[in-house]
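Worksheet: the structure to be examined is printed underneath.
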Amino acid sequence: MLNLEELRQAVRGEVQLNYNLAKFSSFRIGGNADVFVSPKDKADVLSALKFFEKVKLPYLVLGRGSNVLISDKGICGAVISLRENLEKINLKAENGTALVYVEAGADLPALAADMLKKGYGGLENLSGIPGSVGGAILMNAGAYGKEIFEVIESVEVIRCGEIKTLRREEVAYRYRGTDLENDIILSCTLRLKKLSAEEQKVAMENRKMWMEKRRNSQPLTLPNAGSIFKNPPPDENGNPRFTGALIEACGLKGKRIGDAQISEKHANFIVNLGNAKASDVIALIELTRAEVKRKFGVNLELEIKLLGKFD
Ligand SMILES: Cc1cc2nc3c(=O)[nH]c(=O)nc-3n(C[C@H](O)[C@H](O)[C@H](O)COP(=O)(O)OP(=O)(O)OC[C@H]3O[C@@H](n4cnc5c(N)ncnc54)[C@H](O)[C@@H]3O)c2cc1C
């Protein structure tokens, strides 16, 4: 049995019980977390984690909730939210580059825009990825030919109850994944390039073009969680394959179950038309997987993370 007083003594940040999570997910879907905490700083994250381990309460971390589907039944255990307080950024200029310390809850698009304005390049391809820096590191988020690990120097994590700094070479990262799944990412240090005035101008134009491309190809006005599935590996001739095109070729664009719909704009996105349930999204995911397998023999792998209990 959780002792709320003890939890409030252990964690200095906000503590809530039976807290609804829908507003913490870009899908605007999800039930309640038994316990929700928003630690004040990195030390507070460690205290929360030690408390949950002591009372044997399972926990998970939530960034900006832009890559998750939270169960209608909610989450048994605790959710540690990093988006409210872990947002410090510190830039140190160094011989034509900058070493940028960033806490895990910082907003990636805001960081990318700010760095470019200051004349540092390397994040502009990732400008439209609407998540936290911690979430981006966990997923090795990427766009337009770049992944976040290309600019990572080191990552600070809680691993086995201790705070550790891992150099980039110590992390196994791949397309939309890393081996940090069992860690809590607290911060990272990025190395960004100092741009000449001309390079900065080109980078700004590129950023604008990529943002425009997103607006034209993604359903940004409806709640969604980005690409539902990863792209499959290239075909036997080495040609890249795109999940959106495979789903579209199955005739599934616009397919609706409850208030969840395979986007008419981009077939690898599912949108929430109003009151979609996680179960509606799951039904569309299962239908899509079955159709793509039947028509193309391709097994689609989820890119989004399912949080909580699913049948
Ligand atoms: C419109 C739209 C467009 C998108 N475009 C792209 C794109 O181009 N490229 C791309 O890669 N992604 C894209 N995404 C997906 C998503 O934005 C990214 O994966 C993002 O990096 C997730 O960050 P987050 O903070 O929202 O993570 P969350 O959704 O909060 O969490 C995702 C996973 O990471 C874990 N996690 C989060 N923070 C931490 C932490 N500090 N420590 C340990 N674990 C943590 C969570 O437990 C969860 O398992 C898009 C999403 C949307 C909605």
Side-chain angles (χ1 to χ4, degrees), residues 21 23-30 33 38-39 42 45-46 49 58-70 75 77-87 102-112 123-150 155-159 163 166 171 173-188 210-211 213-215 217-231 244 263 265-266 268-272 302-308:
L21 296 172
K23 66 172 180 284
F24 293 98
S25 116
S26 59
F27 247 141
R28 298 287 176 267
I29 293 175
S38 172
K42 292 192 297 189
V45 177
L46 188 57
L49 185 143
Y59 56 83
L60 59 84
V61 179
L62 201 56
R64 292 187 172 245
S66 66
N67 204 36
V68 295
L69 177 64
I70 299 172
I75 292 177
V79 167
I80 303 175
S81 172
L82 301 188
R83 68 189 286 167
E84 292 82 13
N85 298 316
L86 266 80
E87 292 190 304
V102 190
E103 287 188 343
D107 181 64
L108 180 60
L111 176 72
L123 290 176
E124 51 278 9
N125 299 52
L126 316 181
S127 293
I129 302 179
S132 68
V133 167
I137 291 172
L138 183 92
M139 297 293 298
N140 188 21
Y144 305 114
K146 280 234 172 208
E147 294 176 336
I148 194 159
F149 263 87
E150 291 175 45
V155 182
E156 185 187 29
V157 298
I158 303 180
R159 180 174 281 183
I163 297 184
L166 308 171
V171 181
Y173 54 91
R174 54 188 181 276
Y175 167 62
R176 298 299 178 271
T178 62
D179 66 350
L180 300 171
E181 294 273 345
N182 297 318
D183 302 324
I184 295 186
I185 299 158
L186 292 176
S187 75
C188 68
W210 287 318
M211 299 296 265
K213 212 167 164 184
R214 277 181 190 273
R215 274 193 295 276
S217 63
Q218 299 181 355
L220 302 184
T221 54
L222 290 167
N224 70 79
S227 296
I228 296 291
F229 302 102
K230 297 180 186 180
N231 286 322
S263 166
K265 216 165 175 185
H266 191 315
N268 196 17
F269 280 56
I270 292 177
V271 292
N272 177 359
L302 277 184
E303 178 164 325
I304 58 164
K305 302 280 183 190
L306 305 184
L307 302 186

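Start at 1 and go down the list; that is how both ligands and their atoms are numbered.
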To check your reading of the model: name the closest protein heavy atom to [atom], its residue, and the distance in Å.
{"atom": "atom 25 (O) of ligand 1", "answer": "S132 OG, 2.6 Å"}
{"atom": "atom 31 (O) of ligand 1", "answer": "V68 CG1, 3.7 Å"}
{"atom": "atom 49 (O) of ligand 1", "answer": "K305 CG, 3.4 Å"}
{"atom": "atom 27 (O) of ligand 1", "answer": "G135 CA, 3.7 Å"}

Which option, [options], owns the non-hydrogen atom nearest [atom]?
{"atom": "atom 18 (C) of ligand 1", "options": "D183, L180, N140, I129", "result": "I129"}
{"atom": "atom 36 (N) of ligand 1", "options": "V61, L306, V155", "result": "V61"}
{"atom": "atom 17 (O) of ligand 1", "options": "C188, G65, S66, A136", "result": "S66"}
{"atom": "atom 5 (N) of ligand 1", "options": "Q218, R214, R64, K146", "result": "R214"}
{"atom": "atom 11 (O) of ligand 1", "options": "A143, G142, G226, S25", "result": "G142"}

Original post:
If you measure every N/O of N67 against every N/O of ligand 1, is any gap under 3.5 Å?
Top reply: yes
**OP:** Using distance alone, determine whether I185 and ligand 1 share an N or O pair under 3.5 Å.
**Re:** yes
**OP:** State, yes or no, whether a side-chain contact exists between L180 and R159 at a heavy-atom distance under 4.5 Å.
**Re:** yes
Original post:
Is there a side-chain contact between Y175 and N231, using heavy atoms and a 4.5 Å cut-off?
Top reply: yes
Output the distance between atom [atom1] ([X]) and atom [atom2] ([Y]), rounded to the nearest 0.5 Å.
{"X": "S187", "Y": "I137", "atom1": "OG", "atom2": "CD1", "value": "8.0 Å"}
{"X": "E124", "Y": "Y144", "atom1": "CD", "atom2": "OH", "value": "13.5 Å"}
{"X": "R214", "Y": "I129", "atom1": "CZ", "atom2": "CD1", "value": "5.5 Å"}
{"X": "L186", "Y": "L82", "atom1": "CG", "atom2": "CG", "value": "7.5 Å"}
{"X": "L62", "Y": "I80", "atom1": "CG", "atom2": "CD1", "value": "10.5 Å"}

With atoms numbered from 1 as shown, which atoms in ligand 1 lie under 4.0 angstrom from a non-hydrogen atom of [X]?
{"X": "G131", "value": "23 (O), 24 (P), 25 (O), 26 (O)"}
{"X": "L62", "value": "30 (O)"}
{"X": "P130", "value": "2 (C), 3 (C), 4 (C), 17 (O), 50 (C), 51 (C), 52 (C), 53 (C)"}
{"X": "L82", "value": "41 (N)"}
{"X": "L138", "value": "33 (C), 34 (O), 35 (C), 44 (N)"}

Mind checking whether [X] contacts ligand 1 via backbone (N, CA, C, O), side chain (CB onward), both or neither, at a 4.0 Å heavy-atom cut-off?
{"X": "R176", "value": "side chain"}
{"X": "A104", "value": "side chain"}
{"X": "L220", "value": "side chain"}
{"X": "L60", "value": "neither"}
{"X": "A225", "value": "backbone"}

Subject >> side-chain contact (heavy atoms from CB on, under 4.5 Å) assessment of L302 paired with I228 >> reply: CA-CA 6 Å; L302 277 184; I228 296 291; 3.9 Å; yes
Original post:
Can you find a side-chain donor-acceptor pair between S38 and E84 that sits under 3.5 Å?
Top reply: yes
**OP:** Could you tell me if any non-hydrogen atom of L186 lies under 4.0 Å from any atom of ligand 1?
**Re:** no
Original post:
E103 and E87: which non-hydrogen atoms are nearest, and at how many Å?
Top reply: OE1-N, 3.2 Å
**OP:** Please report the closest heavy-atom contact between R174 and E147, naming both atoms and the distance.
**Re:** O-OE2, 4.4 Å
**OP:** Give a yes or no answer on whether the side chain of N224 reaches the backbone of P219 with a donor-acceptor pair at less than 3.5 Å.
**Re:** yes
**OP:** Go through the steps for V171 and D179 under the test side-chain contact (heavy atoms from CB on, under 4.5 Å), then give the verdict.
**Re:** CA-CA 7 Å; V171 181; D179 66 350; 3.5 Å; yes
